[in-house]
Number of protein chains: 2
Amino acid sequence: MTLDWTERFQGTAALPRAVRDRLIDVARIIHLEEGAQVFGPANVPDSLFFLYDGRIRVSQSSDTGREITLYRVDAGESCVLTTACMLAEEAYNAEGVAETEVTAVVLPKPAFDRLVTEEEAFRKFVFNAYSKRLIDLLRVVDDVAFGHMDVRLAERLLALAGDVKEIPATHQQLASELGTAREVVSRVLSDFQKREMIAQSRGRIALIDKKALKILASSK
Amino acid sequence: MTLDWTERFQGTAALPRAVRDRLIDVARIIHLEEGAQVFGPANVPDSLFFLYDGRIRVSQSSDTGREITLYRVDAGESCVLTTACMLAEEAYNAEGVAETEVTAVVLPKPAFDRLVTEEEAFRKFVFNAYSKRLIDLLRVVDDVAFGHMDVRLAERLLALAGDVKEIPATHQQLASELGTAREVVSRVLSDFQKREMIAQSRGRIALIDKKALKILASSK
DNA sequence: CATGTTAGGTGACAAAGTCACTGAAGAGGT
DNA sequence: ACCTCTTCAGTGACTTTGTCACCTAACATG
């Protein structure tokens, strides 16, 4: 696969051709199937991932069985948490799981170090990635600490739906998105249903009044 | 102040003499008094801070008046959130406030870029700083999303106390540490008092049974 | 000592998390 | 088609946390 994959990489600091060519020399391309764990407590990586295609969900779980989505890594982004992971000796319970089939560029640490040293564009790309994640996490903290469940759930439903109107998701999955319990999601959803904003069937939710959801999502 | 201040800077990548000398050329040293805002929504910095002495508290506040401490920047550390701040156009509501009198080294962005480019030790220092903060935030998310109030408060009391046994803090200040409401702190503290773990007086809390607090802090 | 300000207490209620249990929907085999 | 197993969702009771309104206590100042 000698494609021009670095064109995929976005951000203020898209990688110019010179850097891309160098990357191709040192990088390895891997495929992961849906559901595969990219990294986790029992699986500390020694390389850096740059996502060419697919999506990775990064989450944190409690020892009481609850879970929360921290952010998603999309095509063109890198997963800097693995870097932090490598540097920090501490054990912590974040994990990344491939949400779709994934094609990623894997850069061994020495190669990463060299590129960071020698290529300004690459360095900017990496700094950008760090900053983006920091800000993602600030948003999560804000949400969890100060947000209301109904608002957060409405937001998430809209985000997961995108352009379509039906979402394939169980209550448990939504609870894991938001870091809450299934029962709580069930309660809020049945409220949404009463107010005719959604319709439910086993494992799917239809957003029948997106407008109302949007109003709710941007309130409180 | 031509002191050897870079000796203060810690981490896996302590800065060697060569880098320190270069830093001194380009850096400006500033003093801030206790309570001064280092950065904030209305005060987006265009420079990077390296803390020589003192402590900065970085917090996030909701629009409903609640607040949570994200982490503290101690002597020898840098505040990378300002970097993220600069890169991200988004407005967000994190702010840094000097908790003590502060002496900091200020590096204008161009100088920062140059150093990052040319000095490996400096680059490592910065990457380390980013990683540390990411992990700090993971911890905050974990706490807020899954932690119990009594445990979190016990932890915080012990952390704030350090070696001594009395803490000068109001219930409101503790609430702002944990991202909760004053009434909640009052309730939990009065419970601690009933269980004879602490003693209270206006604006101060005495930890009279640290052992019990420690047990509580490492449970659930 | 009078007065204003800030810290802390209280009770009632709402929102969210926990627990134990129930029934319903679908998948797979026969 | 029917039975069975598993997963998903609904429910009620209860606990914890957050919110609101209001009150009292402690200190600071003139």
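Protein chains get the first letters and strands the later ones, always in sequence-line order, with residue 1 at the start of each.
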Side-chain N,O (B/Ser186) to OP1/OP2 (C/dG8) below 4.0 Å:
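Looking at the OP1 and OP2 atoms of C/dG8, neither is under 4.0 Å from any side-chain N or O of B/Ser186.
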
Roughly how many Å is it from [atom1] in [X] to [atom2] in [N], rounded to a whole number?
X        : N      : atom1 : atom2 : answer
B/Leu189 : C/dT10 : CG    : P     : 13 Å
A/His171 : D/dG10 : NE2   : C1'   : 9 Å
A/Leu174 : D/dT7  : CG    : P     : 19 Å
A/Gln173 : D/dT7  : CD    : P     : 13 Å
A/Asp191 : D/dT11 : CG    : P     : 13 Å

Under the salt bridge (charged side-chain N to carboxylate O under 4.0 Å, His left out) criterion, do A/Lys132 and A/Glu77 qualify, and how do the steps go?
CA-CA 10 Å; A/Lys132 183 174 182 314; A/Glu77 300 179 340; 3.7 Å; yes

Measure from the side-chain N and O atoms of [X] to the backbone N and O of [Y], and report whether any donor-acceptor pair falls under 3.5 Å.
X        : Y       : answer
A/Arg57  : A/Gly96 : no
B/Thr69  : B/Tyr71 : no
A/Asn93  : A/Ser61 : yes
A/Thr100 : A/Arg55 : yes

Suppose we screen for ring-ring contact (aromatic ring centres under 6.0 Å, His included). Which residues come up paired with B/Phe112, at least two apart in sequence or across chains?
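ring-ring contact (aromatic ring centres under 6.0 Å, His included) check on B/Phe112 returns B/Phe122.
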
For B/Arg123 versus B/Val116, what's the shortest heavy-atom pair and its separation?
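Smallest heavy-atom distance, with atoms named: NH1-O, 2.8 Å.
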
Can you name the closest pair of heavy atoms from B/Arg66 and A/Phe146 and give their distance?
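What the structure gives for the nearest pair is CB-CE2, 3.6 Å.
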
Output one letter per nucleotide in nucleotides 17-24 of chain D: B when a protein non-hydrogen atom lies under 4.0 Å from the base, S when only the sugar-phosphate is that close, - when neither is.
BBBBB---

Could you walk me through whether B/Gln200 and B/His171 pass the side-chain hydrogen bond (donor to acceptor under 3.5 Å, both in side chains) test, one step at a time?
CA-CA 10 Å; B/Gln200 298 187 68; B/His171 294 188; 2.7 Å; yes

Where does the angle between the aromatic ring planes of B/Tyr130 and A/Tyr130 fall among parallel (under 30°), tilted (30 to 60°) and perpendicular (over 60°)?
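Judged by the thresholds at 30° and 60°, the geometry between B/Tyr130 and A/Tyr130 is tilted.
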
Have a look at the helix from C/dC1-D/dG30 to C/dT30-D/dA1 and give the angle its two end axes make, five pairs each, rounded to 10 degrees.
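Here the local axes at opposite ends form an angle of 30°.
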
Tell me, please, which residues at least two apart from B/Ala111 pass side chain to side chain contact (heavy atoms under 4.5 Å, CB included).
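Partners of B/Ala111 by the side chain to side chain contact (heavy atoms under 4.5 Å, CB included) criterion, ordered by chain and then number, come out as B/Val26, B/Leu107, B/Pro108, B/Arg114.
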
Report all interatomic pairs (protein N or O, nucleotide N or O of nucleotides 3-5 of chain D) with separations under 3.5 Å.
none

Considering only heavy atoms, which members of residues 192-203 of chain A lie under 4.0 Å from some atom of DNA chain D?
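Close to the strand are A/Arg202, A/Gly203.
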
For the pair A/Gln193 and A/Asp191, evaluate side-chain contact (heavy atoms from CB on, under 4.5 Å) and give the outcome as yes or no after the intermediate values.
CA-CA 5 Å; A/Gln193 195 172 25; A/Asp191 176 54; over 6 Å; no

Under a plain distance cut-off of 3.5 Å, with no hydrogens placed, do A/Gln60 and A/Glu67 share a side-chain donor-acceptor pair?
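Looking only at side-chain atoms, A/Gln60 and A/Glu67 do not form any donor-acceptor pair under 3.5 Å.
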
